**Student:** 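My structure is below; once you've seen it, I'll send some questions.
Whatever order the structure lists them in is the order used to number ligands and atoms, beginning at 1. Quick caveat: nothing in here was measured; it's all calculated off a predicted structure. Just so you know, residue 1 is the first one in the sequence shown, and it goes up from there.
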Amino acid sequence: MSDMQNYDVVVVGGGPAGSTVGGLLAKAGHRVLILERERFPRYHIGESLVTGMTPLMEELGLVEELDRRFQHKSGISLRWGSDPQPWRSDFSSTGSIYGHAWHVTRSEFDQLMLDNARSMGATVVEEAHVSEVTGADTGTVTGLVYTHGGQQHRVTSRFVVDASGQARVVSRKVTETQWQDDLRNVAVWGYYDTYTPIENGDDILCEAIEGGGWMWGIPLGKDKLSMGYVLPAERMAKAVREGLSQREVFLQGLAASNIAKTMVDPSDTSADMKTARDWSHLSDTFYGRGWVAVGDAAAFIDPLFSSGVWLGTSGAWLAARSLDKALRSPADEQQALKQFDSVYRQLFKDILTYVRFFMDPTRLREEYMERAQEITQMYTQSSRVGFIALISGIGAVADLVDFDPMGMDGLREVIMERTEQAKARAEAEAAATA
Ligand SMILES: Cc1cc2nc3c(=O)[nH]c(=O)nc-3n(C[C@H](O)[C@H](O)[C@H](O)COP(=O)(O)OP(=O)(O)OC[C@H]3O[C@@H](n4cnc5c(N)ncnc54)[C@H](O)[C@@H]3O)c2cc1C
């Protein structure tokens with residue numbers, strides 16, 4: 001063991017959630033260390049973003065850079081439900097000022113976010129592998145042990161933030177997680193250099209596959225398409241037992257599709273196939289004595305609506321404000337962290353409830369939209385506004401922007417006012433198109 005360091009906050013993981021919480025806390029004047037196992041840029045899946053992230057990207061000063069570097073995303077094109085006609089939903093139809101999101105190459109996006117955390121004042125150590133969570137067995141986390149440059153280091157801190165993604169380095173030791181058995185899926189995907197765009201070429205394509213599962217098509221640029229097939233884990237296990245390769249499983253999905261198969265040439269084998277477990281889960285608690293969890297380390301919901309990075313960074317934004325409060329005023333710690341857990345949990349629950357409803361591909365389009373409208377509680381005349389408000393995260397923007405770690409004072413009024421404004425805009429738009 002080489003040295004003993006001390007920080008206000010140590011973050012495990014430099015992905016989008018870790019760099020957000022670490023950067024914001026450093027900017028607020030706290031001493032922050034981010035420990036990242038890999039050297040960036042490193043590959044990651046999760047390439048399609050939603051407009052609900054844009055207020056945070058504004059706060060981080062990254063919108064112009066994202067616009068400059070990455071493919072714009074206007075909405076979602078679907079072939080889903082009992083009606084075989086394709087349909088689409090456009091981000092701009094929420095009436096929000098955020099009309100587009102981005103499709104990103106994650107190695108570049110994550111590097112941008114981590115560099116930004118550095119420039120906000122966080123100390124970042126890459127190739128630092130966290131191996132021990134100090135105090136986890138006593139119920140109070142007090143620090144970490146990590147390996148870097150062949151040496152073990154010990155660090156203590158007031159708070160440890162688990163942003164280690166699916167590794168759940170801290171949360172697996174200090175809380176239980178509820179695996180959602182009906183959403184136990186596997187994804188298999190690859191990248192195509194040549195492809196034919198769909199009609200609305202900068203949308204994500206989500207297409208239900210007959211017999212179960214769905215496919216995504218994400219245009220990362222003119223010469224790069226990410227295409228994946230999500231299917232139940234037991235079906236993948238059966239295919240493997242039968243000796244099928246990952247590519248063969250992917251091609252089965254492609255052959256059963258209607259739109260995805262028009263985009264790529266199935267005989268193009270230049271794309272290496274990748275696979276990952278895609279099993280939704282939700283931790284029993286997102287905080288405890290000395291620790292907080294954000295991003296996939298807290299919960300993960302099926303990527304059907306591309307909500308992972310939005311959920312992760314939103315939780316990190318909430319956590320930064322609650323931890324800032326707790327560090328400045330220790331007497332308020334419990335309330336601030338409880339408020340973080342409650343607002344953050346609601347985001348996950350809304351998306352989980354809706355993914356579960358949407359996974360049944362036999363419903364009518366209007367049923368999908370009405371259910372989304374019920375969840376967002378946006379009482380507009382147009383249920384399609386409720387749908388896109390939910391899946392883009394725009395419906396939750398007021399909860400995020402005006403988050404008050406000390407409670408609900410004033411928040412309800414702000415939400416009601418913004419809901420009224422959104423309602424008026426959507427009704428004006430519906431009247432204009434009628
Ligand atoms: C098939 C699939 C498709 C997806 N598609 C989308 C999509 O289109 N859009 C979207 O928004 N989301 C998508 N997601 C979800 C998205 O990938 C995640 O939600 C997102 O990356 C979570 O960010 P994070 O910062 O929590 O974790 P991560 O991005 O995973 O970052 C965690 C970091 O922690 C580091 N780490 C782990 N263990 C240690 C350790 N012991 N010591 C130090 N560091 C450590 C890792 O190296 C990593 O860099 C998809 C997920 C899957 C599985």
**Student:** Verify, without hydrogens or angle tests, whether R168 (side chain) and A297 (backbone) share a donor-acceptor contact under 3.5 angstrom.
**Tutor:**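 Between the backbone of A297 and the side chain of R168 there is no qualifying donor-acceptor contact (under 3.5 Å).
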
**Student:** Heavy atom under 4.0 Å from ligand 1: found in L35's side chain, backbone, both, or neither?
**Tutor:**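 Within the 4.0 Å criterion, L35 contacts ligand 1 through backbone atoms alone.
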
**Student:** Using a 3.5 Å cut-off on N or O atoms only, is S48 in polar contact with ligand 1?
**Tutor:**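 Yes, since at least one N or O of S48 sits under 3.5 Å from an N or O of ligand 1.
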
**Student:** Any atoms of ligand 1 less than 4.0 Å from a non-hydrogen atom of G295? List them with their elements.
**Tutor:**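 In order of number, 26 (O).
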
**Student:** If you count the atoms of ligand 1 from 1 in the order shown, which ones are under 4.0 Å from a heavy atom of F300?
**Tutor:**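 The atoms of ligand 1 under 4.0 Å from a heavy atom of F300 are 15 (C), 51 (C), 53 (C).
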
**Student:** Measuring from the heavy atoms of P16, does anything fall under 4.0 Å of ligand 1?
**Tutor:**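 Under 4.0 Å: yes for P16.
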
**Student:** So if I count the atoms of ligand 1 from 1 in the order they appear, which ones are less than 4.0 Å from some heavy atom of A167?
**Tutor:**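 Numbered from 1, ligand 1 contributes 37 (C), 38 (N).
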
**Student:** Considering only heavy atoms of R42, which atoms of ligand 1 have at least one such atom less than 4.0 Å away?
**Tutor:**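 Close to R42: 29 (O), 31 (O), 48 (C), 49 (O).
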
**Student:** Does the residue G312 have a heavy-atom contact with ligand 1, meaning some pair of atoms that are separated by less than 4.0 Å?
**Tutor:**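 The answer is no, since G312 has no heavy atom less than 4.0 Å from ligand 1.
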
**Student:** Is the closest N or O pair between A187 and ligand 1 shorter than 3.5 Å?
**Tutor:**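 Between A187 and ligand 1 (N or O atoms, distance only) the closest approach is not under 3.5 Å.
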
**Student:** How far is atom 13 (C) of ligand 1 from its nearest protein heavy atom, and which residue and atom name does that atom have?
**Tutor:**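 Result: G46 CA, 3.3 Å.
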
**Student:** Using atom types as modelled and distance alone, determine if a side-chain donor or acceptor of E242 lies under 3.5 Å from a backbone N or O of L244.
**Tutor:**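 Not at all, since once roles are kept as given, no pair shorter than 3.5 Å links the two residues.
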
**Student:** Find all atoms of ligand 1 within a distance of less than 4.0 Å from any non-hydrogen atom belonging to A163, and give their numbers and elements.
**Tutor:**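 Counting from 1, the qualifying ligand atoms are 32 (C), 33 (C), 34 (O).
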
**Student:** With a cutoff of 4.0 Å, is Q166 in contact with ligand 1, counting heavy atoms of the residue only?
**Tutor:**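 Contact check Q166 vs ligand 1: negative.
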
**Student:** Return yes when atom NZ of K338 has more than 12 non-hydrogen atoms of other residues, nucleotides or ligands closer than 6.0 Å, and no otherwise.
**Tutor:**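 No - once you tally the heavy atoms of other residues, nucleotides and ligands closer than 6.0 Å, there are 12 at most.
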
**Student:** Does ligand 1 have any atom that is closer than 4.0 Å to a heavy atom of Y146?
**Tutor:**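 It does not, in that no heavy atom of Y146 comes within the 4.0 Å cut-off of ligand 1.
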
**Student:** To the nearest 0.5 Å, how far apart are CD1 in I209 and CE in M215?
**Tutor:**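 Result: 6.0 Å between the selected atoms.
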
**Student:** Which residue pairs pass the ring-ring contact (aromatic ring centres under 6.0 Å, His included) test when at least one of the two sits in residues 6-34, sequence neighbours left out?
**Tutor:**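 Matches after skipping sequence neighbours: none remain.
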
**Student:** Could you establish whether S19 and ligand 1 come within less than 4.0 Å of each other, counting only heavy atoms on the residue side?
**Tutor:**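 Per 4.0 Å heavy-atom rule, S19 does not contact ligand 1.
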
**Student:** Taking only heavy atoms of H129 into account, list the atoms of ligand 1 that are under 4.0 Å away from them.
**Tutor:**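 Result: 41 (N), 42 (N).
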
**Student:** Below 3.5 Å, N or O to N or O, backbone or side chain included: is there any such pair between V309 and ligand 1?
**Tutor:**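 N/O-N/O distance below 3.5 Å exists for this pair.
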
**Student:** Considering distance alone, does some N or O of H44 sit under 3.5 Å from an N or O of ligand 1?
**Tutor:**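 Yes.
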
**Student:** Between ligand 1 and I45, is the shortest N or O to N or O distance under 3.5 Å?
**Tutor:**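 The answer is yes, given that I45 and ligand 1 share an N or O pair closer than 3.5 Å.
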
**Student:** Between ligand 1 and R37, is the shortest N or O to N or O distance under 3.5 Å?
**Tutor:**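 By distance alone, the answer is yes.
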
**Student:** Parallel, tilted or perpendicular: which describes the rings of F340 and Y344, with under 30° parallel and over 60° perpendicular?
**Tutor:**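 Correct class here is tilted.
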
**Student:** For ligand 1, which is the ligand I care about here, please tell me if E36 has any N or O atom under 3.5 Å from one of the ligand's N or O atoms.
**Tutor:**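 Yes; the residue has a nitrogen or oxygen that sits under 3.5 Å from a nitrogen or oxygen of the ligand.
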
**Student:** Could you tell me whether the side chain of R154 and the main chain of V145 form a donor-acceptor pair under 3.5 Å?
**Tutor:**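 Judged by distance alone, no pair lies under 3.5 Å.
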
**Student:** In terms of atom number and element, which parts of ligand 1 are under 4.0 angstrom from non-hydrogen atoms of P303?
**Tutor:**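 In order of numbering, the contacting atoms are 2 (C), 3 (C), 4 (C), 5 (N), 50 (C).
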
**Student:** Donor-acceptor pairs under 3.5 angstrom involving side-chain atoms of residues 191-198: please list them, not counting sequence neighbours.
**Tutor:**
unit_1 : atom_1 : unit_2 : atom_2 : d
Y191   : OH     : Y43    : OH     : 2.4
Y191   : OH     : E47    : OE2    : 2.4
Y195   : OH     : G221   : O      : 2.8

**Student:** Among F357, F305, F358, which one satisfies ring pair (Phe, Tyr, Trp, His ring centres under 6.0 Å) with W80?
**Tutor:**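 Filter result, single survivor: F358.
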
**Student:** Does any N or O of ligand 1 fall below 3.5 Å from an N or O anywhere on E38, backbone included?
**Tutor:**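 No; the residue has no nitrogen or oxygen that sits under 3.5 Å from a nitrogen or oxygen of the ligand.
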
**Student:** Considering non-hydrogen atoms of the protein only, which is the closest contact for atom 18 (C) of ligand 1, and what is the distance?
**Tutor:**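 For atom 18 (C) of ligand 1, the nearest protein heavy atom comes out as D296 OD2, 3.3 Å.
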
